[in-house]
There are 2 protein chains.
Amino acid sequence: MTVFTPLDTFSSEPIGPRVYREIRDAIVCLRLKPGQIISEADVARQFGASRQPVHDAFVRLQASGLLHVLPQRGTRVARISPKDVRDAQVIRRAIEAATVARACERRRPESLAALKANVARQEASAGEREPRAFLKLDEEFHRLLAACADLEMAWTIIEDAKSHMDRVRYLSLPQTTPVATLVRQHKAIVAGIAAGDASAALAALTEHFGEIDKSLPALEAEYPELFEHDEARAEPMVVR
Amino acid sequence: MTVFTPLDTFSSEPIGPRVYREIRDAIVCLRLKPGQIISEADVARQFGASRQPVHDAFVRLQASGLLHVLPQRGTRVARISPKDVRDAQVIRRAIEAATVARACERRRPESLAALKANVARQEASAGEREPRAFLKLDEEFHRLLAACADLEMAWTIIEDAKSHMDRVRYLSLPQTTPVATLVRQHKAIVAGIAAGDASAALAALTEHFGEIDKSLPALEAEYPELFEHDEARAEPMVVR
DNA sequence: GGAAAACGACTGACATGTTAGATGGCTAGA
DNA sequence: TCTAGCCATCTAACATGTCAGTCGTTTTCC
């Protein structure tokens, strides 16, 4: 099974960042299964790189809570923790609410234009079969929101919180909320900001969240091995 | 000049975490000056450790924005960025407001007891000459707040945001707000939570913040070399 | 003198070697 | 059958080696 896209030999970009991005993407998109055991040496071999850049990536991913490193024993992809997902949601909602409120105050024409252009591309992607295009645009949308509020630090944090939520999202891709609904909510947020109407934008934002809560219990029941349960610490799931 | 407290040779704790903690503490407490150039090898020598654990620490500290690693050139302690400080404040306020609101709902007797005990110790430390004792208790207070809201993830993020604010705080220790005032505000927050009165707790929290804003310009004028100025501005977020 | 090439002393990026600790399987002894 | 001890084999932690890139200085050549 190919989990990682191989490193471009001719790129001048250092190996470290590329390895980090690859591993992170593999985790968030569930190509690496929650609970799966991986090892630095093994991953390094798959990339054809040395252990060092992989080790660095592991250090960072552990800090984000996407990996659990057990000293001297091994490393496992963090299982999806329902509590972490819900916590991440609360935090993201708090930060994004502050972001939207600030965006209403300091919106600039070019930021608004960028947001509108992004939403337009979302509409274009709504019809397509491939949902990943939309998810990338969604990511971009929330990044632009932070830029519009001149609160770049917010995006850094949202990115981390989002990673936990996104795994659930990928898991629920089949029965997920129709993309059209999400695009409509995005539109409403932008409209609120454009009008400088904070309460309208916040209302749209609030509606935008809270989709995951409903799907979470069903997914947990369907894929129990991917979730962290209170008693957890069951047998490691060896996948190769 | 001793910047790092030497590693306890007899501790069984691995050196990696200890080195990380030491370096981070040295940055936040300004024993390492903002703008100062440091190197992995040099720091490793000071600890009497190898470069590896220091390198790992650098990786993590760069992710928090406390270090700027310039590939192949060197590493500098991040200068205090007024924008980062203000952004961190906005974010912290947003998260902590959500935390307090949640704490009002799910407070449990033992959490409240822990908060009250902490505040009591704060009062005891208010008279002392050494302000660091209070700052540690303050840190603990906000961690307990997150625990009380059963939102541990919030503390992780606040910790990072706080680090940027705390450097300013240490810089302004001489003319800082009297500790008694801060303790009073903490007390008000706890009282609000204890009563389940979210709006009262939030009001106390709001008053609690916004001390830094006033001192920031004066400090920037007094120690320009420690601050990042606009011409040296970190890369603005690219809007595509 | 002045520009440019060469050098050397640094840096972190990357590679690899070494070690302590955790684990699981095996066997010896009851 | 069970248990205690040994051992092979994992792991990440830690140590060290090598390298390419950056930069300030010196040297070279006109």
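Letters A, B, ... are given to chains in the order of the sequence lines, protein chains preceding strands, and every chain is numbered from 1. Because the structure is a prediction, the values reported are computed rather than measured.
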Gln72(B) CD to dA20(D) C1', straight-line distance once rounded to whole Å: 6 Å
What is the separation between atom CG on Leu70(A) and atom C1' on dA13(D), rounded to the nearest whole Å? 14 Å
For the residue pair His186(A) and His142(A), is the inter-centroid distance of their aromatic rings smaller than 6.0 Å? yes
Ile37(A) CD1 to dG24(C) C1', in whole Å, measures 14 Å
So, Lys33(A) and Glu225(A), do they make that salt bridge, N to O below 4.0 Å? no
Residues of residues 10-27 of chain A with any non-hydrogen atom less than 4.0 angstrom from an atom of DNA chain C: list those, numerically ordered, please. Pro14(A), Ile15(A), Gly16(A)
Mind checking Leu67(A) for me? I need base, sugar-phosphate or nothing, with any heavy atom below 4.0 Å counting as a touch. nothing
Quiz item: cation-pi between Arg92(A) and Phe209(A), 6.0 Å / 45°: no
Gln62(A) atom CD is separated from dA12(D) atom P, nearest whole Å, by 11 Å
Rounded to whole angstroms, how far apart are CZ on Phe47(A) and C1' on dA13(C)? 17 Å
Looking only at the side chain of Ser39(A) (C-beta and beyond, no hydrogens), which of the listed nucleotides dA15(D), dA12(D), dG12(C) gets closest? dA12(D)
Between Arg73(B) and Thr75(A), the residue closer to the 5' end of DNA chain D by nearest nucleotide is Thr75(A)
Give the rounded distance in Å between these two atoms: CD of Gln52(B) and C1' of dG17(D). 13 Å
So, is Ser50(B) near the phosphate of dA15(D), with a side-chain N or O under 4.0 Å from OP1 or OP2? yes
Using a strict cut-off of less than 4.0 Å between a Lys/Arg side-chain nitrogen and an Asp/Glu carboxylate oxygen, indicate whether Arg143(B) and Glu159(B) qualify as a salt bridge. no
For Ile38(A), answer base if it contacts any base atom (sugar-phosphate contacts may also be present), sugar-phosphate if it contacts only those atoms, and nothing otherwise; contact means non-hydrogen atoms under 4.0 Å. sugar-phosphate
Salt bridge or not for Asp25(B) and Arg31(B), using N-O below 4.0 Å? yes
Taken to the nearest whole Å, CZ/Arg45(A) to C1'/dC10(D) is 12 Å
By nearest-nucleotide position on DNA chain C, the 5'-leaning member of Pro71(A) and Ala49(A) is Ala49(A)
Of all the nucleotides listed (dT23(C), dG17(D), dA13(D)), which has the minimum atom distance to the side chain of Arg51(B)? dG17(D)
Could you state the atom-to-atom distance from NE2 of His55(A) to P of dG17(C) in whole Å? 17 Å
Mind checking if Glu40(A) touches a base, just sugar-phosphate, or nothing, with heavy atoms under 4.0 Å? sugar-phosphate
If we ignore hydrogens and angles and just use 3.5 Å, is the side chain of Arg102(A) paired with the main-chain N or O of Ala149(A) as donor and acceptor? yes
Arg51(A)/Asp56(A) ion pair, N-O < 4.0 Å: no
